[in-house]
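Working notes, structure below.
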Amino acid sequence: MRKITVASNWIDLHCHSTASDGTLSPAEVVRLAVDVGLSALALTDHDTIGGVQEAAKEAGRLNLDFLPGIEISAEYPQPGTLHLLGYGVDPQSTTLRDLTKTLIAGRDNRNPKIIDKLQKLGVAITMEEVQRESGGKVVGRPHIAAILARKGYVSSIKQAFDKYLAPGGAAYFDKERLSPAKAISMILESGGLPVLAHPIQLRYHNDAELERLIKDLLDMGLAGIEVIHSDHGPELIEKYTALADRFGLLKTGGSDFHGSNKTRIQLGTANGRRVPREWFDGLVGALAKEKAAAKFA
Ligand code: AMP
Ligand code: ZN
Ligand code: FE
Ligand code: FE
């Protein structure tokens with residue numbers, strides 16, 4: 001029997017389902033959030049909101065507060081990655097539909113190149129297998145990695161990235177990305193709030209460079225920084241908190257849970273840290289303000 005818990009002080013604002021490259025269905029992610037005692041969740045699949053309707057319905061049934069979200073990759077010089085989270089996007093928005101179409105076209109262009117290269121390297125893998133692995137949803141490199149691991153070409157998903165799929169790997173291809181300005185404006189036009197995901201993954205060279213980037217993103221309309229994340233230790237959390245406060249940005253946080261595609265990450269915990277409930281309320285408050293402002297624009 002499911003435990004009945006009093007709404008907790010903890011939340012998770014960054015996780016993936018089978019709609020992209022997670023291994024639990026949207027409803028399963030929601031049930032797990034309730035089981036680990038969270039009071040609010042945002043689903044942030046890569047390039048799609050295909051899972052949010054199912055998740056929202058299950059969250060409603062289980063009394064879990066829920067925000068639709070999306071995670072998109074923007075242009076950024078290698079080897080860093082710039083991911084933007086969009087919270088509270090309106091599923092009915094035509095801008096959002098255009099955005100996801102563009103992003104998925106970028107994947108449809110890239111994925112066959114990876115498979116082609118793998119085949120040339122003597123790996124027995126087809127695009128059909130990859131489609132099957134993804135359940136017909138948004139195809140990501142973790143799906144390809146899972147097949148490589150299962151067939152014994154590598155010993156783990158991590159090794160699949162190191163050897164083949166990450167930059168420098170034998171079958172690496174980048175996908176076309178939007179500029180950060182375009183990604184931010186499209187999230188805003190979709191009724192959402194753009195948040196810089198896991199800043200550590202930018203691989204900035206020094207704090208000045210990070211600050212400059214955040215200032216630029218702020219001018220483009222950035223609304224928040226993901227302060228707590230599974231890749232952030234206590235010092236980084238302190239640094240990003242100070243930056244968010246200094247620039248008047250919202251603070252968000254989440255695990256970046258992917259189910260068994262990333263076994264070290266548990267829903268509701270990020271590198272031993274939990275994300276405070278106030279950060280969800282802050283996002284919801286900012287979204288309400290934005291909607292009210294849009295009405296009078
Ligand atoms: P894609 O969206 O297809 O470009 O793939 C991105 C996904 O691959 C994200 O979930 C990343 O967390 C995951 N990923 C990227 N690099 C690595 C890596 N070196 N090891 C494991 N997963 C990775
Ligand atoms: Zn992912
Ligand atoms: Fe990311
Ligand atoms: Fe993510």
Side-chain angles (χ1 to χ4, degrees), residues 1-72 83-91 135 137-138 140 142 192-193 195 197-198 224-232 237 250-288:
M1 199 175 71
R2 197 170 295 282
K3 273 196 307 256
I4 297 181
T5 43
V6 180
S8 81
N9 290 321
W10 310 114
I11 63 167
D12 196 323
L13 298 172
H14 189 158
C15 59
H16 299 265
S17 75
T18 47
S20 65
D21 57 6
T23 55
L24 297 187
S25 73
E28 285 168 335
V29 176
V30 166
R31 287 197 285 275
L32 181 59
V34 172
D35 284 344
V36 299
L38 302 182
S39 72
L41 184 81
L43 184 67
T44 53
D45 274 306
H46 300 283
D47 300 353
T48 183
I49 55 146
V52 306
Q53 198 185 4
E54 177 185 319
K57 190 164 166 229
E58 188 69 352
R61 196 175 73 80
L62 296 173
N63 243 341
L64 179 80
D65 288 330
F66 179 77
L67 262 183
I70 189 166
E71 180 176 25
I72 66 187
H83 289 180
L84 289 160
L85 296 157
Y87 289 111
V89 286
D90 172 6
K137 308 279 173 47
V138 172
L193 289 173
V195 170
H198 41 61
I225 301 182
E226 187 173 53
V227 168
I228 296 179
H229 181 270
S230 293
D231 291 347
H232 298 169
I237 293 174
L250 293 162
K251 293 185 281 283
T252 74
S255 58
D256 211 351
F257 176 72
H258 279 72
S260 56
N261 274 342
K262 288 192 184 176
T263 44
R264 72 181 176 92
I265 298 176
Q266 307 296 313
L267 190 71
T269 314
N271 198 3
R273 288 289 282 260
R274 306 252 253 165
V275 183
R277 166 77 203 199
E278 297 88 80
W279 293 4
F280 177 83
D281 298 330
L283 257 184
V284 170
L287 276 165

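- For T48, there are no side-chain hydrogen bond (donor to acceptor under 3.5 Å, both in side chains) partners at least two apart in sequence or on another chain.
- T252 contributes atom OG1, which lies 4.5 Å from atom OH of Y87 (distance to the nearest 0.5 angstrom).
- Shown here are the side-chain hydrogen bond (donor to acceptor under 3.5 Å, both in side chains) partners of H229, two or more places apart in sequence or in another chain: D256.
- Side-chain contact between V89 and I49 is present, with at least one heavy-atom pair separated by less than 4.5 Å.
- Nearest heavy atoms, S230 versus I265: OG-CG2, 3.8 Å.
- Here the closest non-hydrogen pair linking L43 and S17 is CD1-CB, 3.9 Å.
- Judged as a side chain to side chain contact (heavy atoms under 4.5 Å, CB included), and not counting sequence neighbours, the contacts of A286 are L193, L250.
- Applying the side chain to side chain contact (heavy atoms under 4.5 Å, CB included) test to A33 and every residue at least two apart in sequence or in another chain returns L38, L41, L64, L267.
- A donor and an acceptor atom, one from each side chain of E226 and H198, are nowhere located under 3.5 Å apart.
- The shortest heavy-atom contact between I228 and V275 is CG2-CG2, 3.9 Å.
- Between V227 and H232, the shortest heavy-atom distance links the atoms O-ND1, 2.8 Å.
- A pairwise comparison of heavy atoms in S8 and S39 identifies O-OG, 3.0 Å as the closest pair.
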**Message:** Please evaluate residues I72 and I70 with respect to the criterion side-chain contact (heavy atoms from CB on, under 4.5 Å), reporting the C-alpha separation (whole Å), side-chain torsions for both, the decisive distance (0.1 Å), and the verdict.
**Reply:** CA-CA 7 Å; I72 66 187; I70 189 166; 4.0 Å; yes
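- Note on residues 265-275: no pairs pass side-chain hydrogen bond (donor to acceptor under 3.5 Å, both in side chains), not counting sequence neighbours.
- Listed by chain and residue number, D245 satisfy the side-chain hydrogen bond (donor to acceptor under 3.5 Å, both in side chains) test with K251 (two or more places apart in sequence, or in another chain).
- The side chain to side chain contact (heavy atoms under 4.5 Å, CB included) search around S25 returns T18, A27, E28, E54, not counting sequence neighbours.
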**Request:** Starting from the C-alpha separation in whole Å, work towards a yes-or-no answer on side-chain contact (heavy atoms from CB on, under 4.5 Å) for V36 and W10.
**Result:** CA-CA 10 Å; V36 299; W10 310 114; over 6 Å; no
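- S20 places no side-chain N or O within 3.5 Å of a backbone atom of V138 that could act as its donor or acceptor partner.
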**Request:** Using the side-chain contact (heavy atoms from CB on, under 4.5 Å) rule, take L62 and R31 through it: C-alpha gap first, then chi angles, then the decisive distance, then the call.
**Result:** CA-CA 8 Å; L62 296 173; R31 287 197 285 275; 3.8 Å; yes
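- The salt bridge (charged side-chain N to carboxylate O under 4.0 Å, His left out) analysis of residues 42-52, with sequence neighbours excluded, yields the pairs D47-R107.
- The ring pair (Phe, Tyr, Trp, His ring centres under 6.0 Å) analysis of residues 50-69, with sequence neighbours excluded, yields no pairs.
- Atom CG of L283 sits about 6.0 Å away from atom CG of L67, to the nearest 0.5 Å.
- Remark: A40 engages I11, D65, R277, F280 in a side chain to side chain contact (heavy atoms under 4.5 Å, CB included) (not counting sequence neighbours).
- Taking each heavy atom of V30 and A55 in turn, the nearest pair found is CG2-O, 3.5 Å.
- Residue pairs that meet the ring pair (Phe, Tyr, Trp, His ring centres under 6.0 Å) test with at least one member in residues 15-45, sequence neighbours left out, are H14-H16, H16-H46, H16-H258.
- How far CG of L24 is from OG of S260: 7.5 Å, rounded to the nearest 0.5 Å.
- Pairs passing the salt bridge (charged side-chain N to carboxylate O under 4.0 Å, His left out) check and including a residue from residues 11-22, sequence neighbours excluded, do not occur.
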